Amino acid sequence: MDNELKEKIAKLQEMIDGTDNIVFFGGAGVSTESGIPDFRSQDGLYNQKYDYPPETILSHSFFMRNTAEFYRFYKEKILLVGTDMAPEPNRAHLKLAELEKAGKLKAVITQNIDDLHHRAGSKTIYELHGTVTRNYCMDCDKEFDVDYVKACDGVPKCDVCGGIVKPDVVLYEEGLDMYTMDQSIQAIKNADMLIIGGTSLVVYPAAGLIDYYRGNKLVLINKGTTGREAGADLVINGPIGEVLGAIEVKS
Ligand SMILES: [Zn+2]
């Protein structure tokens with residue numbers, strides 16, 4: 001770790017020590033450090049076996065029109081829960097759970113659907129894009145767990161009415177859940193310290209949500225540069241797992 005990064009982590013430690021009202025907002029970068037590819041970045045993995053780009057497959061219209069092909073991709077690339085390729089929470093997820101347990105962090109807001117914050121032990125989590133762990137029948141609304149979806153061959157169908165089971169994740173062309181958005185906005189408005197990690201901040205809804213923050217402890221942690229560094233009180237260009245992993249939790 002170079003000296004500049006060390007100094008910045010020391011500054012982050014100081015800011016965290018001085019508050020018990022932190023909200024964390026995380027993007028895809030939090031999950032990529034657990035080995036989950038960011039399907040928004042066109043990397044090779046996704047382009048090998050499919051006739052369409054991931055943005056097309058993971059869209060509402062594609063789901064409706066081509067459900068079998070959607071599920072082929074979804075089960076192979078997204079739904080890794082419980083398989084040998086199942087991702088594990090990384091140091092960022094674990095540290096956030098620890099900060100919440102110590103009474104210092106009030107909420108995690110995430111754009112990821114992989115359930116890793118839950119698995120790391122976080123309790124108050126606002127999943128802006130839903131989660132793979134919830135699934136429901138499009139006709140009768142019955143809920144199904146992830147094992148049910150995995151056990152179905154091809155397109156999962158409801159065991160009551162035969163309707164198509166859809167993951168409770170926000171696909172492209174779909175709107176965000178307003179309740180989750182409202183909860184996230186309230187958490188950000190009331191936060192003393194806002195830590196944003198693993199997102200470039202240029203994508204909706206991240207960019208808009210941050211405008212609700214009124215405090216003077218805005219921290220950005222991202223490997224690359226973000227679109228909003230000028231307004232931040234501390235910018236750390238480093239891997240989020242390494243940065244948060246270095247924080248000591250004092251209650
Ligand atoms: Zn049904």
Side-chain angles (χ1 to χ4, degrees), residues 26-28 30-31 34 36-40 45-46 49-89 93 107-187 203-205 209:
V30 177
S31 291
S34 282
I36 298 172
D38 177 6
F39 60 73
R40 282 171 178 81
L45 178 64
Y46 286 120
K49 283 192 282 179
Y50 298 89
D51 296 337
Y52 307 90
E55 291 85 350
T56 302
I57 299 175
L58 296 170
S59 69
H60 181 79
S61 51
F62 192 90
F63 180 88
M64 300 306 286
R65 203 174 52 229
N66 210 338
T67 316
E69 181 68 1
F70 170 91
Y71 267 112
R72 191 166 79 89
F73 178 90
Y74 180 80
K75 286 184 180 180
E76 187 176 320
K77 296 299 183 192
I78 310 285
L79 202 57
L80 303 170
V81 186
T83 68
D84 290 346
M85 288 170 71
E88 292 294 328
H93 298 106
V108 168
I109 302 166
T110 181
Q111 295 175 273
N112 300 317
I113 60 172
D114 49 44
D115 198 44
L116 289 183
H117 286 294
H118 274 128
R119 285 182 43 211
S122 286
K123 302 292 181 216
T124 303
I125 309 164
Y126 301 122
E127 294 163 315
L128 292 172
H129 291 165
T131 171
V132 298
T133 58
R134 288 192 307 262
N135 306 271
Y136 63 93
C137 170
M138 293 178 78
D139 291 337
C140 76
D141 286 338
K142 181 175 175 185
E143 278 198 38
F144 296 93
D145 62 17
V146 73
D147 291 331
Y148 185 88
V149 171
K150 274 166 54 181
C152 288
D153 206 16
V155 177
K157 299 276 176 65
C158 175
D159 60 0
V160 174
C161 78
I164 290 172
V165 173
K166 187 175 184 287
D168 192 5
V169 301
V170 178
L171 300 176
Y172 287 100
E173 306 161 357
E174 291 178 341
L176 298 176
D177 177 67
M178 286 326 286
Y179 179 76
T180 309
M181 269 296 271
D182 286 346
Q183 298 286 303
S184 304
I185 288 168
Q186 285 310 317
V203 190
Y204 176 86
L209 272 175

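Since the structure is predicted, the reported quantities are computational estimates derived from the model, not experimental observations. Just so you know, ligand 1 is whichever comes first in the structure, and atom 1 is the first atom listed for that ligand.
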Q) side chain to side chain contact (heavy atoms under 4.5 Å, CB included) between H129 and V169: does it pass, once the steps are laid out? A) CA-CA 5 Å; H129 291 165; V169 301; 5.9 Å; no
Q) So L58 and I78, side chain to side chain contact (heavy atoms under 4.5 Å, CB included) or not? Walk me through it. A) CA-CA 10 Å; L58 296 170; I78 310 285; 4.2 Å; yes
Q.
Could you tell me if the side chain of D114 sits less than 4.5 Å from the side chain of V132, heavy atoms only?
A. no
Q. Should the ring pair F70 and Y74 be called parallel, tilted or perpendicular, given that the plane angle runs from 0 to 90° and is split at 30 and 60?
A. parallel
Q: Can you check the number of protein N/O/S atoms within less than 2.8 Å of the Zn ion (ligand 1)?
A: 4
**Q.** Neighbour count above 12 (heavy atom, 6.0 Å) for K142 NZ
**A.** yes
Q.
Tell me every residue that passes ring-ring contact (aromatic ring centres under 6.0 Å, His included) with Y148, counting only those two or more places apart in sequence or in another chain.
A. F144
